[in-house]
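Inspection log for the structure reproduced underneath, given as structure tokens.
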Amino acid sequence: MIKLNLKNAVTNSAINKFKKNVEIIGNRIENLESEGFEWLGWKDFPENIHPREIGDINQTAKRLLKQNVELLVVIGIGGSFAGTKAGIEMIQGEYPNKQKIEIMYVGESISSSNIHQKIVYAEEKNFAINVISKSGTTTEPAIAFRLFKKLLEDKIGIYNSTKFIFITTDPTKGSLLKIAQENKYKTFTIPSNIGGRFSVLTAVGLFPMACAGLNIEKILEGAKKANEIYKLANIDKNQAYRYAVARIILNKTLNVELMVQYEPQMKAFNEWWKQLSAESEGKNQRGIFPTSAIFSTDLHSLGQFIQEGKKILFETIMTVKEPDVDINVLKNEKNLDNLNYLSNKSIHEINKIAFNATTDAHVKVAKIPNIHIEFDKMNEESFGEIVMFFERAVTMSAYLLKVNPFNQPGVEIYKQNMFKALGKPE
Ligand code: PA5
């Protein structure tokens, strides 16, 4: 279970002032009466997903494994890949040794060097493709799909390739759906009432995660359990809404939230959270600028600014209660490095001491508000729970800021400029 500690950030009396407002907004969310309510499908999706769909996802992943697929090329950008990467890396780490099918992400940039490197890597492997796009019209994945489709067709033939291309998109519209229908590719669905950055617990994330070997039922279980609490319109019981309020209070004087992890395998999670927060809240000249760090790595770079630089930020620090494995510092007879004072000490313990020491330095000396979130383990249940926690929290924060969490009008401006410059036909 997530444990939220706000004692170094805001007072209870400041939080309590939001009680009524949170109750009103929370009830509107639950009753689908809030602005953008037609995009709230994600909040009950873990309860609503049909067991047949879960079975289909698992069976398809199993089939690929049986057919000796070594690599799944996930083609998508923004919400169509960030959550998947976050989940897989959080649970399996940066160097997974238990990954059933290796996952590679493409279509999240327009870098020809990067795409070429990935083509060279994939062509040596037995690979399948999962293109993910809600709109079905996003440029970056569309470019990558053309290239990887051709690569696969050249490798195993057009007919065979159709059995190794999977499309995850809106069930009713978009070019990708047309392509899937015309080529008879297998499709997975992103429900019409769920937007990109809230879609990781749908087939968007579930299919690649199942291919990687994750237990997707457990992820959904974690989310369902979390939902029992995080849907309550009660600030005393609902930690997600409490965190949302703390952010809004801090944002009155501080513009930046630094999300800090003490586990490097949470790096992709930071990226997912940044998208969720920035795209949901950054509107009408409002919002918190989300940025992130990994400690202690970034204490040796950003640490100086945090401690003594301009006072622009507050920190939200996530730590894991129990690591996957704990190892001890080695003893050395000669002790030339003078490290024997740490001999046989657990590295996780040292990481915890680093957390406490850093918190003291940042809170007591630099006067930087610190929110602390502790979660149980880097496993499937915790991932489901954490996703629900932040999706709920960001939705509440956005409503408290009086913006619609579910659109992204600002993103459209660069897209339109780019289409114009490239000469895209109307
Ligand atoms: O959250 C969002 O809606 C966006 O970030 C989208 O996920 C992103 O732009 C990709 O869009 P699509 O899935 O339509 O290709």
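Just follow the structure's listing: the first ligand is 1, and inside any ligand the first atom is 1. For this chain, numbers begin at 1 and follow the sequence in order.
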Pull out every atom of ligand 1 sitting under 4.0 Å from any heavy atom of T138, numbered as shown with elements.
11 (O), 12 (P), 14 (O), 15 (O)
Relative to the heavy atoms of S135, which atoms of ligand 1 are at a distance of less than 4.0 Å?
12 (P), 14 (O), 15 (O)
If you have a sec, work out which protein heavy atom is nearest atom 9 (O) of ligand 1 and how many Å separate them, to one decimal?
K415 NZ, 4.2 Å
Which protein heavy atom lies closest to atom 5 (O) of ligand 1, and at what distance to 0.1 Å?
Q275 NE2, 2.6 Å
Regarding K163 and E153, does a basic nitrogen lie under 4.0 Å from an acidic carboxylate oxygen?
no
For atom 4 (C) of ligand 1, what's the nearest protein heavy atom and its distance?
E279 OE1, 3.6 Å
So which protein heavy atom does atom 10 (C) of ligand 1 come closest to, and at what separation?
I77 O, 3.3 Å
Which atoms from ligand 1 have a heavy atom of Q408 less than 4.0 Å away?
3 (O)
Would K20 and E23 count as a salt bridge (charged side-chain N to carboxylate O under 4.0 Å, His left out) here? Give the steps.
CA-CA 5 Å; K20 192 77 214 147; E23 196 184 312; 3.6 Å; yes
Indicate yes or no: does K125 engage E102 in a salt bridge with an N to O separation below 4.0 Å.
yes
Just to confirm my output: which protein heavy-atom neighbour is closest to atom 3 (O) of ligand 1, and how far is it?
G196 N, 3.5 Å
Is the distance between the ring centroids of F389 and Y230 less than 6.0 Å?
yes
What do you reckon, are the aromatic ring centroids of F45 and F198 less than 6.0 Å apart?
no
Give the intermediate values and the outcome of side chain to side chain contact (heavy atoms under 4.5 Å, CB included) for residues M104 and Y121.
CA-CA 10 Å; M104 184 168 81; Y121 187 78; 3.8 Å; yes
Short list, please: which atoms of ligand 1 are under 4.0 Å from a heavy atom of G79?
5 (O), 6 (C), 7 (O)
Under 3.5 Å donor-acceptor, D170 side chain and K134 backbone
no
